[in-house]
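Worksheet: the structure to be examined is printed underneath.
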2 protein chains.
Amino acid sequence: MTSEALGKCLGANPVVVRRTMGLLREAGLVSAERGHSGGWRISADLKTVNLRQLHAALGEPAIFAIGNRNETPECLVEQAVNAALDKAFLEAEALLLDRFADVTLADLAADFARRHAERRATRE
Amino acid sequence: MTSEALGKCLGANPVVVRRTMGLLREAGLVSAERGHSGGWRISADLKTVNLRQLHAALGEPAIFAIGNRNETPECLVEQAVNAALDKAFLEAEALLLDRFADVTLADLAADFARRHAERRATRE
DNA sequence: CTTCATGTAACTACATATGTTACAATTTGA
DNA sequence: TCAAATTGTAACATATGTAGTTACATGAAG
């Protein structure tokens, strides 16, 4: 699949697609071929690759939009708040990453197949 | 405590402090007085106010920095991915908000007191 | 050898959060 | 009564990060 086709599916720019897919390529999850009939191809086992690996391959982007204003504050009040928040955030992050690890590309493919069959059935 | 003093503690601008504290005032958690010897004052019971209420009072800012690119995609692959991610995010969000609800201002005050005593002991 | 792709650098555009300025409104105290 | 201190708020400026765009080099296929 070309970057242009992927971009259309995602509503994104082909160059942005290449940027992101490049990270997956560096992680060995996809390969790219140039030229005529080139494009992207999955080069990993759907059953073993999970969402947590994708998150890691994409550079482990920050999960939370909120968080400590200052990691090492002098203010003792802020330190107490940070400690309380850190505990909660660490637990939530661990849970989220565990859930990510539970979902493989094969699971997504199966869910896609189910949706595809359902759409065809609905159209009749 | 004045916005200026709070701003210094937080390393933030007094107007930004007023903006944020204003939300807490609307939620009835603090009150403000103008003029000489004015400033902010907590107007709620430390034992009953918890971090989840603060999150709500501040307008329930988005918790996650990552998430679906498009909530209602036509693409069935994207739909399958969204469904998998939504499940994981909802669980993690529920856990985080539960943990927030567990922490009261009184808990923070107690932790502050502990840190304060510890700092004094270390200085001797 | 032309066409179609990726690879990548450089730049632009946009959204969001924060900071800043300015000033009105209010309260206190001399 | 008046000056100083403080919040309330609008308007504008700045910074940051993400996505988009342009441009062009590189490589592969027919």
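Below, read A as the first sequence line, B as the second, and so on, with proteins coming before strands; counting in each chain starts at 1.
As a whole-Å value, the separation of B:E4 CD from C:dT20 P is 12 Å. If you take CG of B:L10 and P of C:dT18, they are 12 Å apart, rounded to a whole angstrom. One atom, CH2 of A:W40, and another, C1' of D:dG27, lie 14 Å apart when rounded to the nearest Å. B:L6 places its CG atom 14 Å from the P atom of C:dG19, with the value rounded to the nearest Å. The CZ atom of A:R41 sits 13 Å away from the P atom of C:dA5 (whole-angstrom rounding).
Between D:dT7 and B:S3, a contact under 4.0 Å exists linking OP1 or OP2 to a side-chain N or O.
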Once base and sugar-phosphate atoms are separated, protein heavy atoms under 4.0 Å mark nucleotides 11-17 of chain C, 5' to 3', with B, S and - as -------
Could you encode protein contacts along nucleotides 21-30 of chain C as a string, one character per nucleotide from 5' to 3', using B for base contact, S for sugar-phosphate-only contact and - for no contact, with a heavy-atom cut-off of under 4.0 Å?
B---BBBB--
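Looking at heavy atoms from C-beta onward, A:T48 lies out of side-chain contact with A:T104 at the 4.5 angstrom threshold.
Sorted by first and then second residue, the salt bridge (charged side-chain N to carboxylate O under 4.0 Å, His left out) pairs involving residues 34-54 of chain A (not counting sequence neighbours) are A:R52-A:D98. Sorted by first and then second residue, the salt bridge (charged side-chain N to carboxylate O under 4.0 Å, His left out) pairs involving residues 104-118 of chain A (not counting sequence neighbours) are A:D111-A:R114, A:D111-A:R115, A:R114-A:E118.
With sequence neighbours excluded, no residue forms a salt bridge (charged side-chain N to carboxylate O under 4.0 Å, His left out) with B:E4. Residues forming a side chain to side chain donor-acceptor pair (under 3.5 Å) with B:R99 (at least two apart in sequence, or on another chain): A:E91. Under the rule for a ring-ring contact (aromatic ring centres under 6.0 Å, His included), the partners of B:H116 that lie at least two apart in sequence or sit in another chain are B:F112. Applying the side chain to side chain donor-acceptor pair (under 3.5 Å) criterion to B:D102, with sequence neighbours excluded, gives no partner residue.
Backbone-only contact: A:G11 has heavy atoms under 4.0 Å from sugar-phosphate atoms and none from a base. Note on B:G39: only backbone sugar-phosphate atoms sit closer than 4.0 angstrom, heavy atoms only; bases stay farther off.
Using modelled atom types, one side-chain atom of A:N70 and one backbone atom of A:T72 make a donor-acceptor pair closer than 3.5 Å.
Other members of the cluster containing B:L95 are A:L95, with ILVMFWY side chains joined at under 4.5 Å, either directly or via other members.
Each of A:P14 and B:E26 was assigned the nucleotide of DNA chain D with the nearest heavy atom; the assignment lying further toward the 5' end belongs to B:E26.
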